[in-house]
Amino acid sequence: MRLSQSFIPTMRQDPGEAEVVSHRLMLRAGMIRKVAAGIYSYLPLGLRVLRKIETIVREEMNRAGAQELLLPILSPAELWKETDRWDFYGKELFRLQDRHERDFCLGPTHEEVVTDLFRREVRSYRQLPVTLYQIQTKFRDEIRPRFGIMRGREFIMKDAYSFDQDEEGAKRSYQGMYNAYCRIFTRMGLQFRPVEADTGLIGGISSHEFMVLANTGEELIVFAPDTQYAANVERAEIAPPAISEREAKKPLEKVATPNAKSVEEVCAFLDVSPCRLVKTLLYQTENDAMTAVLIRGDHQANEIKIQRYLGIHELTLATPEMISRFTTAPIGFVGPIGLPKVRILADHAVAALSNFIVGGNEPDMHLVHVNIDRDFTIDAIGDFRQAQAGDLSPRGGSPLQTARGIEVGHVFMLGTKYSEKMGATYLDAQGQTHPAIMGCYGIGVSRAAAAAIEQNHDEKGICWPMPIAPFHAQILPVTSSDEVRKTSDQIYTNLYQNGIEVLLDDREERGGVKFNDADLIGIPFHVIVGDKGLAQNTIEIKDRKTGEKFHVPREQVCEWITDIVKKRLESQP
RNA sequence: CGGGGCGUAGCGCAGCCCGGUAGCGCGCCUGCUUUGGGAGCAGGAUGUCGGAGGUUCAAAUCCUCUCGCCCCGACCA
């Protein structure tokens, strides 16, 4: 491709709208342009990267035995009503009506559509197992689209669905996809980590997320460095604290704490550490009931864990108005003692405390030297808080550490959640009817491109890993002599014939402009052709990522580049 | 959904408080000179000042409404 004839509009200045590195660099390198909030066009350079990622994904999905199909973007409300997700998915679902006022939505994921297909076509266990996948545009009306294509309202996803006869088969299918995902992200040249995850809106039994490690990632993960354990904080279990010797119980005491509402204020006022304080969080659950959850002052509640324990899908913190109606204390002074009859849950870390501090259930009052059982009773002890660095891993080993990641893949063991609701069944060898056991598996293709940039860039621009780079090499004629032009053209033609994807910067620009644009676009090798080098019959080759420079005799340049590109492409699992 | 901010040339911005008919840098076009890390000189083109309504002799500027975009938050007592 000749740059003079291609549509790669680079920008010198940072666009004002871009916050994160990948967003900024994708705009500047001419890969994407915004159409509306969270909606982007992919320009030729951006599309080439997507295609590279898609190709790797396809190859590995096919290798794992999955078959590609293409489901519609638009799907009828009826299917979504069968699984209750028409209501449950909420505002994130893009809904629309046709001219007859029939309800439709733009697919955010395709469990319903694929399960519908399955139940129409599959009758017998002889047709199982089967895994189907597609690569397609998805729609989610995100509460706040941001970070360019990282969290858009329209994005490209590979989604796969497996159907099995039994648990064992389902586990094999799951493991097959898990392994394929590891290969895919390794082949893409990304540093990643699979972590245990929550199942969220998709539901199901268990799941793993694939996180590209990057400090700018939206997700927080915890891991034990000396074991395999790693999990999203939403999910991460915490081992109960070792039982230490209890302090002698001191007499309960009421103290005035004027205007001290927050943990920090109370601790500052009483001059104690937040780990001596217990927060009483009042939650409203699905059936309008109240539940109090006790969490240590230096910890954070994990609503997903609380929901899972209570077996409910909706959990909201009580509003200040509700609190003042329900209790005798304003917000900030709620405590478990003297609370109207509610269920009280206590986190493990709270249960291990003696002589702690709670809200006094009256304005400007707290209680100190509080002890469970003596002063009030609780209904359950459990793991209700968010993991943080230093907590104990549930699988033993050293304390947990935290890292940030970008979720680029997610695999779910679904079980029969969809097949039962939708009647997706098969007949076994005995003629018995069973619901198929399902799994579903997503990869954010467009997000993976952004994640790759977050992980591979420097102050000048992108540094693409070879397997997903839009081109393998870029030729920069940096002076304008006939000799330089002729040599550049020759190298271009030869590399092209060798099957190397090569970009030739034949624009009439000065060297500096070409160098800077090349660094910005980030193609792995730059072939710098100038009179200086030609005088010694050499050509300079620069490795974009390391900055390493090689002076290669002119006759050997094509061979040199071809060899190194092939080598880099082959560094696969 | 709540709060904050911004919409002025392709991009980045100034002008708005204090009304007088639009400017800077980069880019773009032409010419000459230059040419290994974002060239110099000379000349040139480009604006429904996000949209609608209002106030005024006069509105980018003041008022009202509206649309779009960005950021923060969405309740940890």
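The sequence lines fix the lettering, A, B, ..., with proteins before strands; numbering per chain opens at 1.
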(Q) Let's see if you can work this out: which of B:G37, B:G36, B:G38 has an atom nearest to the side-chain heavy atoms of A:V478? (A) B:G36

Q.
Within the 4.0 Å heavy-atom criterion, would you say A:R28 contacts the bases, only the backbone, or no part of the nucleic acid?
A. base

Q. Under the 3.5 Å rule, do the base of B:G37 and the side chain of A:D519 count as making a donor-acceptor pair?
A. yes

Q: Using a cut-off of strictly less than 4.0 Å, decide whether A:K34 has a side-chain nitrogen or oxygen near OP1 or OP2 of B:C70.
A: yes

Q. Does the side chain of A:E501 come under 3.5 Å of the side chain of A:Y496 through a donor N or O and an acceptor N or O?
A. no

Please tabulate, for the side chains in residues 39-48 of chain A, all donor-acceptor contacts under 3.5 angstrom to protein atoms that are two or more places apart in sequence or on a different chain.
{"residue": "A:Y40", "atom": "OH", "partner": "A:H23", "partner atom": "NE2", "Å": "3.1"}
{"residue": "A:R48", "atom": "NE", "partner": "A:P470", "partner atom": "O", "Å": "2.7"}

Q | Nucleotide of B:C11, B:C69, B:C71 approaching A:R146 most closely (side-chain heavy atoms) | A | B:C71

**Q.** Rounded distance in Å between the C1' positions of B:C63 and B:C1
**A.** 28 Å

Q.
With rounding to the closest Å, how many angstrom separate the C1' atoms on B:U30 and B:C24?
A. 23 Å

Q | Given A:K545, A:R28, A:K542, the one that forms salt bridge (charged side-chain N to carboxylate O under 4.0 Å, His left out) with A:D519 | A | A:K542

Q.
Nearest to the side chain of A:R144, heavy atoms from C-beta on, is which of B:G12, B:G73, B:G36?
A. B:G73

Q) The side chain of A:F515 lies closest to which of these nucleotides: B:G37, B:C76, B:C72? A) B:G37

Q | Shortest side-chain distance from A:K542, nucleotide among B:C26, B:G36, B:G37 | A | B:G37

Q.
When you measure from the side chain of A:K254 to the backbone of A:H366, do you find a donor-acceptor pair of N or O atoms at a distance under 3.5 Å?
A. no

